[in-house]
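Note on naming: letters A, B, ... go to the chains in the order of the sequence lines (proteins, then strands), and numbering restarts at 1 for each one. Computed from a prediction, not measured in an experiment: that's the story for all the values here.
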Amino acid sequence: MTDASTILDGLNPAQRQAVTAAPGPVLVLAGPGSGKTRVLTRRVAYLIGVHGVDPHHILAVTFTNKAAREMRDRLEKLLGPGEAAALTVGTFHSICARFLRRDSIHLGRERDFAIYDTDDQLRVMKRVLRDLNLDEKKHAPRAIHAAISRAKNELIDPDAYSRHAHSYFEEVVARCFARYQELLRGANALDFDDLLVETVRLFEEHPAVLERYQERYGFLLADEYQDTNRAQYVLLKQLASRHHNIFVVGDEDQSVYAFRGADIRNILSFERDYPEAQVILLEQNYRSTQAILDVAQAVINRSAQRRRDKRLWTRNGEGVLVQVIEGYDQDEEAQLVAGEIARLIAGGAYQPGDIAIMYRTNAQSRAIEEALIARQAPYIIVGGTRFYERKEIKDALAYLRLALNPFDDISLSRVLNWPARGIGQRTQEDLERRAGAAAVPLYVMLHTLAANAEAAADQTTSPAPARTGEMPSRARNALLGFLTLIDESLDRRQTLSLGALMDWLFERVGFREALRREYGDEEGDDRWNNVMELRNVAEQYADLPLASQLSTFLEEVALVSDIDTLQEERNAVTCITLHQAKGLEFPVVFLVGLEEGLLPHARSADDRDALDEERRLFYVGATRAKERLYLLHAFRRATYGRTEIATPSRFLHDIPPDLLQRAPKRGYAAAQMVTGRAAALRNPRRNQAAPVSPHSAAPDGPRAISFFAGQKVHHAQFGEGIVVSSKLVEGDEEVTVAFVGKGVKRLLASFANLQHVGE
DNA sequence: GTACGTTCATTTTTT
DNA sequence: ATGAACGTAC
């Protein structure tokens, strides 16, 4: 049993107040680094340990799966594994999927529904456009889908949307919306947004079901409350409306998901919905140095929107000035980052795992990755081209999904002719047309064709397959072969474990051979190894009951996008988007691409609110740093293969110059100053053509040796030392120094800031 | 029906 | 720069 003093250990008065607040509505407004995750975790422990709440009655919602895992880990340490396991912790989406799996029968839906990811959703959308005879060129599937998604986040259904459609575009969306839902329904599939919408609908239409959940989850907690959209807000309200035991934590200044329907006003609504709510402010920052906080605040204070004023403060001291560094282009920017990382690590004060590189768009990660590889620095890229987005993985998953839910038209048409089995475009279209006409899933139509073929075969007198229309027998046989495959896998699913099912399926399909045929032996094997990696993941589900192995696996694959981080990469530099970085912290942070068009992003430039969101994004990124923050931008940047002159971000101008240290231009940036920008423009490829590797990129030309053995030197961190030796390495001076009591270190003179001492 | 070469658009950000 | 979608040749 955990007692109160353990739970409250090390908390400041405000945090303590939040943790110990009487059960009831509590709104915690917490700045970055104020220990909100800590407060949330302790609150759970407090409810259990002091109020005697059964952990089964606690539901904690986080924003990412990563945050969920972290919270569970922390609670395990605080409470012990048994009680921690009894809690329900997860994202809105995973929790809703869970509810629906259990109760969607009330909505007249089968429980083994498929969950469509972004790619699947787009495929459905294209199908919709074809069905409605709309031109893809004229009506961007993405734009229409985005509008539908936005509507769903606002809990607007196709009917309501249609009633309020005023423009031509909205009319089109309204029609697409209705058809889109029909197709999903027919495929027994839900998209991400539906998970929320359907759960809200379930609770709305079946009060008895809602009541059951209200009783089950008498205590609710939600992290990152500022990022909830309307659907999520309503869901929390439904669940909390009985007992009012809801504890939410948020920060207006860190709201960065408006594009997905997040509405900061939900914070205001909280106080309106629960007038008895306690509101607690957490303002002390435990994470960053004052230097870092000042920079972050300088940018956020220029917001157009009025904000509830928070005064962030810290006892961590001034710290090192925030550095601004300009690279010549994105490659040099990345090299400067990688070089600085190498120096920080060589200095001995930091490890790769202490360092993060953050960027606005995933596309920026490529240059970064190359530079890190060149430096041989260990790194992980969070997100990016995800494992589950690879074609071979999606194909493998499509087969598995069909084994669970054969009505899943998107998966079916995905692998209908992969590997090639004689079902061409024509046959596929024919099948789709027939299914469409009969308003049945493709799988059902396949069965119809099979039945008709059999009937025709029985009538020995008339060999002409009249009932099956004009379909040539070759095509029909190919289709029936595929049908047999699907039916066999439906069958095997009943008896085989997930792993065994995969082995059987991939063998039966000829997966490996197909990959080698298509991509050649080498790449084919690479891709096959990816599939085998998927096979390995399946082992984690071996302990579940046979009946739920496949469904649980597929659900987590769809919802746990950051499964890559499951492989808890040990001690590597983290490359991550600003959005994903929320909630994390690192001793050293590099923010790259601080340029107009990138941060703030061009898509947000003309909208005040969007611009504010970009500002908050900067704020989030900057406040991830504990000790050192670097802000980088490039003089020119390539986008879509075209390179353009880049303007430094306006956010840099919002920071008072005395808060920043501008690194002298080095490397290509310096060369470009010498040779003139015009010359640099005339020869944009000079960077690649230059005979120097990133290793040998001379920072500022050959540097003279300035340290000699026996000299006394002083270093900011290591103190007094004596030079052992010094030599030129890659154009920089590498000094080996024996420090008093700290041992022998090798340092780069250009960065270590070694001072000569005395004579 | 398939395989290959050309064109074209593509990039916010996430579950 | 890269990959998907389309057209043409086999």
Study note, to complete from the structure: On a heavy-atom basis, the closest approach of A/A453 and A/R476 is CB-NE, 3.8 Å
Practice item. Kindly check if the number of other-residue, nucleotide or ligand heavy atoms within 6.0 Å of CZ (A/R433) is above 12? Key: yes
Review point. Got a sec, which residues hit salt bridge (charged side-chain N to carboxylate O under 4.0 Å, His left out) with A/D409, two or more places apart in sequence or on another chain?
Key: none
Exercise for review: For A/R230, check salt bridge (charged side-chain N to carboxylate O under 4.0 Å, His left out) against everything at least two apart and list the hits.
Suggested key: none
If you compare every side-chain N and O of [X] against the phosphate oxygens of [N] (OP1, OP2), does one of them come in below 4.0 Å?
X      : N      : value
A/T577 : B/dT14 : yes
A/Q425 : B/dG1  : no
A/T64  : B/dT14 : no
A/N362 : B/dT14 : yes
A/N153 : B/dT15 : no

Among [options], which nucleotide has an atom closest to any side-chain atom of [X]?
X      : options                : result
A/R366 : B/dT15, B/dT11, C/dT2  : C/dT2
A/R260 : B/dG1, B/dT11, B/dT14  : B/dT14
A/F192 : B/dT15, B/dT14, B/dT11 : B/dT15
A/A420 : B/dT2, B/dG1, B/dT15   : B/dT2

Point to revise | A/T577 vs A/T361 side-chain heavy atoms within contact, under 4.5 Å | key: no
Review point. Does a salt bridge link A/R109 with A/E198, judged by any charged N lying under 4.0 Å from a carboxylate O?
Key: yes
Review point. A/E595 and side chain to side chain donor-acceptor pair (under 3.5 Å): which partner among A/R650, A/H633, A/R637, A/Q330?
Key: A/R637
Review point. Start at the 5' end of DNA chain B and walk down; is the nucleotide closest to A/E613 or to A/R426 reached first?
Key: A/R426
Study note, to complete from the structure: Note: for A/T118 and A/T639 on DNA chain B, the residue whose nearest nucleotide lies more 5' is A/T639
[X] near the nucleic acid: base, sugar-phosphate alone, or nothing, with a heavy-atom cut-off under 4.0 Å?
X      : value
A/Y257 : sugar-phosphate
A/R421 : nothing
A/N229 : nothing

Could you write out each protein N or O paired with an N or O of nucleotides 5-7 of chain C at a distance under 3.5 Å?
unit_1: C/dA5; atom_1: OP1; unit_2: A/K126; atom_2: NZ; d: 3.1

Review point. When the P atoms of C/dC6 and B/dT11 are considered, how many whole Å apart are they?
Key: 16 Å
